[in-house]
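Source: prediction; values computed, not measured.
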Amino acid sequence: MSNIEELVEFNKRFVENKEYEKYKTTKYPSKKIAILSCMDTRLTELLPAALNIQNGDVKMIKNAGALISSPLGSVMRSLIIAIYELGVEEIMVINHYDCGMQNIHSSSIIEKMLERGIQEKDIELMNYLGMDIKKWLNGFDNPCISVKETVQNIKLHPLIPKDIKVSGFLIDPDTGRLDFIA
């Protein structure tokens, strides 16, 4: 049985036993906060525990490095929807120390793509379609600077109201300690 099949089997029992009932809430975040965080597996349970976040408290948006790769991308769209449709009044950007996106270079990822059978022509097609794939796949050198840039990208976005408070933090993935950055 594959890992996905195991998850699906568990889900059947979860629903049959009505274990979902303790998680019921509304789609509106009770704390009126959206959190953009990294997808790092160490943060899955640690981040909510370290901030005392319960189900229904916040909108969680996760991606590699807690980055905004485009002002027109899905992260910004999610934040805009959270503000205008779901009542979000504050945004927290939370990356972490020892992030997997730190010191990642697009050339290494592209090389791995080619090794896995992706054709050079398909990589070039992305550039032709207007995506600077090398920039898109690059990580960052300094997580503090990355958090500051992400906070600025949100604050300066023309569709984000000026009354939305945006703050940036780094969390220690071992202890849960939160450090204010911006």
Side-chain angles (χ1 to χ4, degrees), residues 23-106 108-109 126 130-182:
Y23 300 102
K24 285 191 175 185
T25 187
T26 72
K27 62 184 174 182
Y28 301 97
S30 62
K31 294 189 184 296
K32 301 185 182 304
I33 296 172
I35 296 176
L36 169 58
S37 73
C38 185
M39 66 182 193
D40 191 289
T41 56
R42 295 170 291 179
L43 303 181
T44 301
E45 291 187 35
L46 178 66
L47 180 81
L51 299 177
N52 191 33
I53 295 171
Q54 306 302 312
N55 196 45
D57 283 348
V58 302
K59 289 296 179 186
M60 291 290 280
I61 303 162
K62 293 178 162 257
N63 71 12
L67 295 170
I68 295 177
S69 58
S70 167
L72 304 175
S74 62
V75 172
M76 283 307 304
R77 182 185 65 210
S78 295
L79 290 172
I80 289 166
I81 295 300
I83 292 166
Y84 293 107
E85 290 295 320
L86 303 172
V88 162
E89 297 173 354
E90 298 179 82
I91 298 170
M92 294 177 78
V93 175
I94 305 176
N95 199 2
H96 60 97
Y97 299 99
D98 189 34
C99 182
M101 284 297 287
Q102 189 170 349
N103 301 317
I104 281 188
H105 300 285
S106 60
S108 171
I109 296 172
M126 297 295 107
M131 174 191 291
D132 182 344
I133 195 161
K134 290 181 180 177
K135 181 179 177 186
W136 186 65
L137 291 174
N138 261 345
F140 50 82
D141 295 327
N142 182 316
C144 290
I145 293 171
S146 176
V147 166
K148 287 177 183 178
E149 289 174 350
T150 298
V151 165
Q152 278 303 106
N153 287 338
I154 296 168
K155 285 181 174 182
L156 297 175
H157 195 283
L159 302 180
I160 298 292
K162 300 303 176 212
D163 64 339
I164 296 295
K165 182 177 181 181
V166 184
S167 304
F169 303 86
L170 285 174
I171 191 168
D172 184 313
D174 295 320
T175 68
R177 183 191 77 241
L178 197 65
D179 294 327
F180 177 77
I181 303 300

Inset, instruction - Using atom types as modelled and distance alone, determine if a side-chain donor or acceptor of D57 lies under 3.5 Å from a backbone N or O of S30. - result: no
Inset, instruction - Enter the distance from S146:OG to L170:CG here, rounded to the nearest 0.5 Å. - result: 8.5 Å
Legend entry - Nearest-0.5 Å distance that lies between atom CG in N95 and atom CG in L36: 8.5 Å
Inset, instruction - Specify the closest pair of heavy atoms between S78 and I61, including all atoms of both residues, with the distance to one decimal. - result: CB-CD1, 3.7 Å
Legend entry - Donor-acceptor pair, side chain of D172 and main chain of R177, under 3.5 angstrom: no
Legend entry - Residue pair I35 / I53, side-chain heavy-atom distance below 4.5 Å: yes
Legend entry - Value rounded to 0.5 Å, distance of CG in N138 from CD1 in I104: 9.0 Å
Legend entry - Side chain to side chain, S70 and W136, heavy atoms closer than 4.5 Å: no
Legend entry - Minimum heavy-atom distance I154-M76, with the two atoms named: CG1-SD, 4.3 Å
Inset, instruction - Could you tell me whether the side chain of Q102 and the main chain of F140 form a donor-acceptor pair under 3.5 Å? - result: no
Legend entry - Donor-acceptor under 3.5 Å (K59 side chain, K27 main chain): yes
Legend entry - Student check: side-chain heavy atoms of H96 and P143 closer than 4.5 Å: no
Legend entry - Considering all heavy atoms, the nearest L51-M92 contact: CD1-CE, 4.4 Å
Legend entry - Closest approach of A182 to K148 (non-hydrogen atoms, all atoms of both residues): CB-CG, 3.9 Å
Legend entry - Least distance between heavy atoms, S37 atom then M60 atom: OG-CE, 4.1 Å
Legend entry - Non-hydrogen atoms of G176 and A50 that approach each other most closely: O-CB, 3.6 Å
Inset, instruction - Please examine the side chains of Q152 and E149, heavy atoms only from C-beta on, and report whether any two atoms are closer than 4.5 Å. - result: no
Inset, instruction - May I ask you to decide if L137's main-chain N or O and S106's side chain share a donor-acceptor pair within less than 3.5 Å? - result: no
